[in-house]
Amino acid sequence: MLPLNLGEYEEAARQKLPANIFDFIAGGAAEELTLARNRAAWDAVQIVPRVLVDVTTVDPSVTVLGRRWPFPVALAPVALHRLAHADGEAAVARAAAATGTLMVLSTMASTPIEEVAAAANGPKWFQLYCYTDKAVTERLVKRAESVGYEALCLTADVPRLGRRERDLRHKPDFPADVVPANFLGEVDLGSLRGGEVGTALAALTTSLLCPSVTWDDVDWLRSITSMPLVIKGILSADDALLAAEHGASAVVVSNHGGRQLDSVPAGAEVLPEIAEVVGDRLELLVDGGVRRGTDVLKALALGAKAVLIGRPYIYGLAAGGEAGVGRVLELLGLETELAMGLAGVTATSQISRSLLRLR
Ligand SMILES: Cc1cc2nc3c(=O)[nH]c(=O)nc-3n(C[C@H](O)[C@H](O)[C@H](O)COP(=O)(O)O)c2cc1C
């Protein structure tokens, strides 16, 4: 039976994938308190609809960094799509392009930057981690810029890798043909082949990521690219302000899907205070636990321009390849449009805090 919602896609993926790969995707760090909180925080927000509004036509589109999105949802950067399905990032790029949805390609993708760009010409951003070797970082940025990625999304919440105990327990198989493809020719990936995804990825991350990255590196990044800069992994208003001071155009309020520091708040919880402090200095995006159109509506009412989804589209990919990703996007788009209509708003510009009752 075709899944009816994103939760059912998670179940379909659970049936399809080996348990250790499913857990690599589904899991969070340590006690998984933040992972659970990401869902609970959206559920705790109530929508108070307005009635007797003409909702014959509802337009869920938004404009982010000057580009119109058909509805306020983008695909978050997720490592190694080919663990979920052989068609990997190329299938995701095609599904995203078919609906005009922005895809943020992970540095840790299992398909190279250029191949994903060639797979479909929909809008794309490139997600970056800074590496100890600045030349590696610079080459990745230039490659993305030269093939048309429209923004650089620096992930700031992985100075070191969170401890994901499901992976330590399972030691998931790492198929020989699934590698962080952007590093082919850059670093020796030999140690990863035939290894264990959790521990091998942790080893790669530890060896490549630079734990001493600071705001100075943000300035350096801005000096080597003309792509607008987005900083992902912001949870404090002070850091959001610093991001604005250092020239970021947008930030993603995010806790990395509960995979980094455990016990941090959900994006939904800190978004309002960040929105209040930054005003219109930055565009705000949020991710973590978004599974329903009503969550999208709540995110916009709390001050976000749009949301990102991570695991749900990977579950769509696992369950049905490109068509599965397309269906996940279609469902979330339909649910968002319906939530707006039932709440009595006909355009995203009309969505405000007054639609919410916060407990
Ligand atoms: C399997 C997996 C891999 C991820 N890989 C990356 C990554 O390479 N870069 C990054 O910035 N975020 C990564 N993330 C975090 C997502 O971009 C996003 O913040 C998170 O998944 C949002 O929460 P959600 O999965 O509940 O929608 C990953 C998340 C998952 C589940």
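Whatever order the structure lists ligands and atoms in, that order sets their numbers, starting from 1. The structure presented is a predicted model; accordingly, all values stated were derived computationally and were not measured. For this chain, numbers begin at 1 and follow the sequence in order.
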Requested in this report: Measure centre to centre between the rings of Tyr9 and Tyr313, then say whether the value is under 6.0 Å.
Outcome: no

Requested in this report: Please list, by chain and number, the protein residues whose heavy atoms come under 4.0 Å of ligand 1.
Outcome: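 Only Ile25, Ala76, Pro77, Val78, Ala79, Ser106, Gln127, Tyr129, Thr155, Lys232, Ser254, His256, Gly257, Arg259, Asp287, Gly288, Gly289, Arg291, Ile309, Gly310, Arg311, Pro312 have heavy atoms that fall under 4.0 Å of ligand 1, ordered by chain and number.
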
Query raised in the report: Are Val307 and Ile47 grouped together when hydrophobic residues (ILVMFWY) are joined by side-chain heavy atoms under 4.5 angstrom apart?
Result: yes

Query raised in the report: In terms of ring plane angle, is the pair Phe183 and Tyr131 parallel, tilted or perpendicular, where the classes change at 30° and 60°?
Result: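 Rings of Phe183 and Tyr131: perpendicular, over 60°.
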
Please list every donor-acceptor pair under 3.5 Å in which a side-chain atom of residues 295-305 meets a protein atom from a residue at least two apart or in another chain.
from   : atom 1 : to     : atom 2 : distance (Å)
Asp295 : OD2    : Arg39  : NH1    : 3.0
Asp295 : OD2    : Arg291 : N      : 2.9
Asp295 : OD2    : Arg292 : N      : 3.1
Lys298 : NZ     : Trp42  : O      : 2.8
Lys298 : NZ     : Val45  : O      : 2.9
Lys305 : NZ     : Thr63  : O      : 3.1

Report task. Give the C-alpha distance, both sets of side-chain angles, the deciding distance and a yes or no for side-chain contact (heavy atoms from CB on, under 4.5 Å) between His81 and His85. Result -> CA-CA 7 Å; His81 291 185; His85 192 284; over 6 Å; no

Query raised in the report: Do we see a donor-acceptor contact under 3.5 Å between the side chains of Gln260 and Arg163?
Result: no

